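Here's the structure we're looking at; comments come further down.
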Amino acid sequence: MRISIVGTGYVGLVSGVCLADCGHDVTCVDLDQAKVGMINAAQPTIHERGLAELLARNAGRRLRATTDLAQAIGESEVTFIAVGTPAAEGRIDLSYVLEAARGIGVALRDKREYHAVVVKSTVVPGTTDGPVRERLETASGLRAGRDFGLGMNPEFLTEGRAVEDFSSPDRIVLGGIDARTREVLGRVYAGFADVTTIRTNNTTAEFIKYASNAVLATMISFSNEIARLCASVGDVDVVDVMRGVHESAYFTTRAAGQPPVKAGITSFLEAGCGFGGSCLPKDVTALVGHGREHGLGMPLLASVLEVNRGQPDEVVRLITRHYPDLGRVRVTVLGLAFKPDTDDVRESPAFPLVRRLVAEGAAVTAYDPVARPEGHEALVGVRLAKSLPEALAQAEIVVLVTRWDEFRDLRTVLDSLGLEPLVVDGRRILDAGEFRTYEGIGRSFAGSRAGAAT
Ligand code: NAD
């Protein structure tokens with residue numbers, strides 16, 4: 001099929017490259033000329049495992065990028081909208097989606113063949129059949145459902161393993177205003193015949209995405225609230241508590257003769273320094289805002305956000321147990337990406353933490369193996385190191401924020417430098433017993449004593 005995708009960010013580019021690799025002919029459209037040039041030169045614009053190989057295989061063949069929206073619409077049968085939907089002032093900012101819809105509508109005015117427009121961006125329930133439809137119809141002079149198709153196909157990929165997730169999805173949700181739109185979408189995903197596919201209307205498709213992200217965020221804040229109490233009670237470690245929770249048959253399956261298999265959800269039932277990224281914070285914020293517009297308080301999800309906002313303070317609390325005054329104390333923050341295996345720093349919990357440390361007068365050095373957010377407003381006055389040894393060289397305090405594999409070797413690198421800083425483990429991936437002074441989220445043992453469970 002001939003497919004166009006508007007917006008060539010994490011979702012648009014990965015979808016485009018993977019659909020091209022499935023055999024479709026894909027045109028990626030973006031306003032950003034630099035991104036377009038890089039994609040046409042087969043250079044990845046983001047850090048994602050496997051993306052470079054797929055780009056090299058498809059760019060210039062089944063995949064191209066352009067800034068010319070009208071031409072891309074004219075030459076394709078279906079267009080996906082994959083532009084950003086940030087949260088602004090407690091609600092979703094639909095301006096990019098609506099501007100893309102308007103541009104597509106203008107291009108549809110001159111098109112004779114049937115065309116389907118599909119929203120892939122995460123949008124609050126009612127958006128596709130509401131303002132998106134309205135923009136498309138006004139700009140094109142056509143009617144959705146009669147003259148063109150209108151669908152909603154949420155994306156569930158996770159940054160860091162986006163190519164893998166798109167290529168082997170756990171589910172596919174195909175929303176459509178009518179059967180004809182869903183039939184077009186069915187052809188786009190014809191290569192995924194063995195994947196569970198939910199065919200539904202546009203509003204349900206939109207809701208599935210929000211409900212999916214909201215439950216994950218809730219699990220994380222639940223774990224962090226439990227961790228706070230563990231940290232206060234004494235003689236308990238949230239890691240041991242959650243290990244006991246994970247062993248429940250709800251979370252771990254046991255087949256005779258096979259090792260127990262933990263459900264993926266258990267990775268959200270672990271304490272840490274909070275969720276970030278371009279999805280969970282903004283999607284939960286948007287859902288709470290959407291609830292408010294419908295007269296619903298959404299108290300559970302509002303609390304999920306509140307607990308999350310407080311997590312960086314939990315880290316600072318652990319530090320100030322040892323350093324009540326942080327003036328000129330050398331602190332190294334490990335990890336700026338919101339999660340490992342990505343260069344995405346949007347809403348990373350590292351930033352509110354760094355801001356607090358700088359405000360307390362600490363001399364902060366930050367290091368991330370991949371993310372290089374030079375010029376980020378939260379990093380004013382912060383030294384960015386280029387390697388782990390360089391980042392640690394002078395450290396009196398080390399705070400681990402992102403679960404990068406490289407940081408699991410912290411003990412070895414500290415040994416090579418002959419250093420024994422205070423280590424604050426914001427992700428609970430280090431062995432407490434390896435450090436002279438260790439603090440971890442959700443842990444109330446004195447000193448470096450290991451947990452009780454075996
Ligand atoms: P992004 O910010 O990385 O990319 C958006 C792109 O759209 C940018 O390159 C921008 O230049 C381009 N753009 C904006 N307006 C445009 C227009 N009118 N015409 C052409 N290009 C335009 O965004 P993203 O992270 O890929 O997210 C896109 C959507 O997918 C969001 O709604 C997000 O919530 C959702 N989503 C994201 C993820 C993720 O992990 N990043 C996962 C699932 C769903």
Side-chain angles (χ1 to χ4, degrees), residues 4-18 27-39 44-49 51 65-73 79-88 92-107 117-125 127-128 132 135-136 139 152-166 169-173 205-206 208-210 212-214 216-217 275-287 337-348:
S4 49
I5 301 179
V6 183
T8 311
Y10 285 83
V11 166
L13 179 59
V14 170
S15 308
V17 168
C18 292
T27 303
C28 287
V29 184
D30 207 287
L31 301 171
D32 186 334
Q33 181 65 63
K35 280 188 186 177
V36 165
M38 284 179 74
I39 294 163
T45 50
I46 51 173
H47 175 89
E48 272 301 334
R49 198 169 44 225
L51 183 63
T66 180
T67 54
D68 189 338
L69 176 64
Q71 189 180 357
I73 302 296
T79 301
F80 287 88
I81 299 177
V83 299
T85 47
I92 190 169
D93 173 3
L94 287 173
S95 57
Y96 300 97
V97 169
L98 297 184
E99 180 50 25
R102 193 197 59 79
I104 294 167
V106 170
V117 181
V118 180
V119 177
K120 200 173 222 338
S121 300
T122 304
V123 292
V124 288
T127 303
T128 303
V132 168
R135 291 298 195 288
L136 285 164
M152 204 289 144
N153 167 225
E155 182 49 59
F156 298 99
L157 62 76
T158 303
E159 285 177 26
R161 45 165 219 252
V163 170
E164 197 183 322
D165 279 356
F166 194 94
D170 45 12
R171 73 209 117 150
I172 294 173
V173 175
E206 291 163 335
I208 290 171
K209 175 66 191 178
Y210 275 98
S212 300
N213 275 356
L216 300 181
F275 57 79
S278 65
C279 290
L280 295 192
K282 82 165 173 65
D283 291 350
V284 179
T285 301
L287 202 52
F338 82 95
K339 68 190 285 291
D341 303 319
T342 180
D343 57 349
D344 197 345
V345 298
R346 288 177 284 186
E347 300 283 328
S348 170

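All ligand and atom numbering here is 1-based and tracks the order in the structure. Just so you know, these numbers come straight off a predicted model, no measurement behind them.
Listed by chain and number, the residues in a salt bridge (Lys or Arg N to Asp or Glu O under 4.0 Å) with Arg171 amount to none (sequence neighbours excluded). Take Asp344 and apply the salt bridge (Lys or Arg N to Asp or Glu O under 4.0 Å) test, not counting sequence neighbours, and it matches Arg346.
Within the model, atoms CD1 of Ile39 and CG of Asp30 stand 7.0 Å from one another, a figure rounded to the nearest 0.5 Å.
Residue pairs meeting the side chain to side chain donor-acceptor pair (under 3.5 Å) criterion with at least one partner in residues 5-17, sequence neighbours excluded, are Tyr10-Asp343.
Note on Arg49 versus Glu164: salt bridge recorded, some NZ/NE/NH1/NH2 to OD/OE distance being below 4.0 Å.
Side-chain contact between Val123 and Val132: absent, with no pair of heavy atoms (C-beta onward) separated by less than 4.5 Å.
Using a heavy-atom distance under 4.0 Å as the criterion, the protein contacts of ligand 1 are Val6, Gly7, Thr8, Gly9, Tyr10, Val11, Val29, Asp30, Leu31, Lys35, Ala82, Val83, Gly84, Thr85, Tyr96, Ser121, Thr122, Glu155, Leu157, Glu159, Lys209, Ser278, Cys279, Lys282, Arg346.
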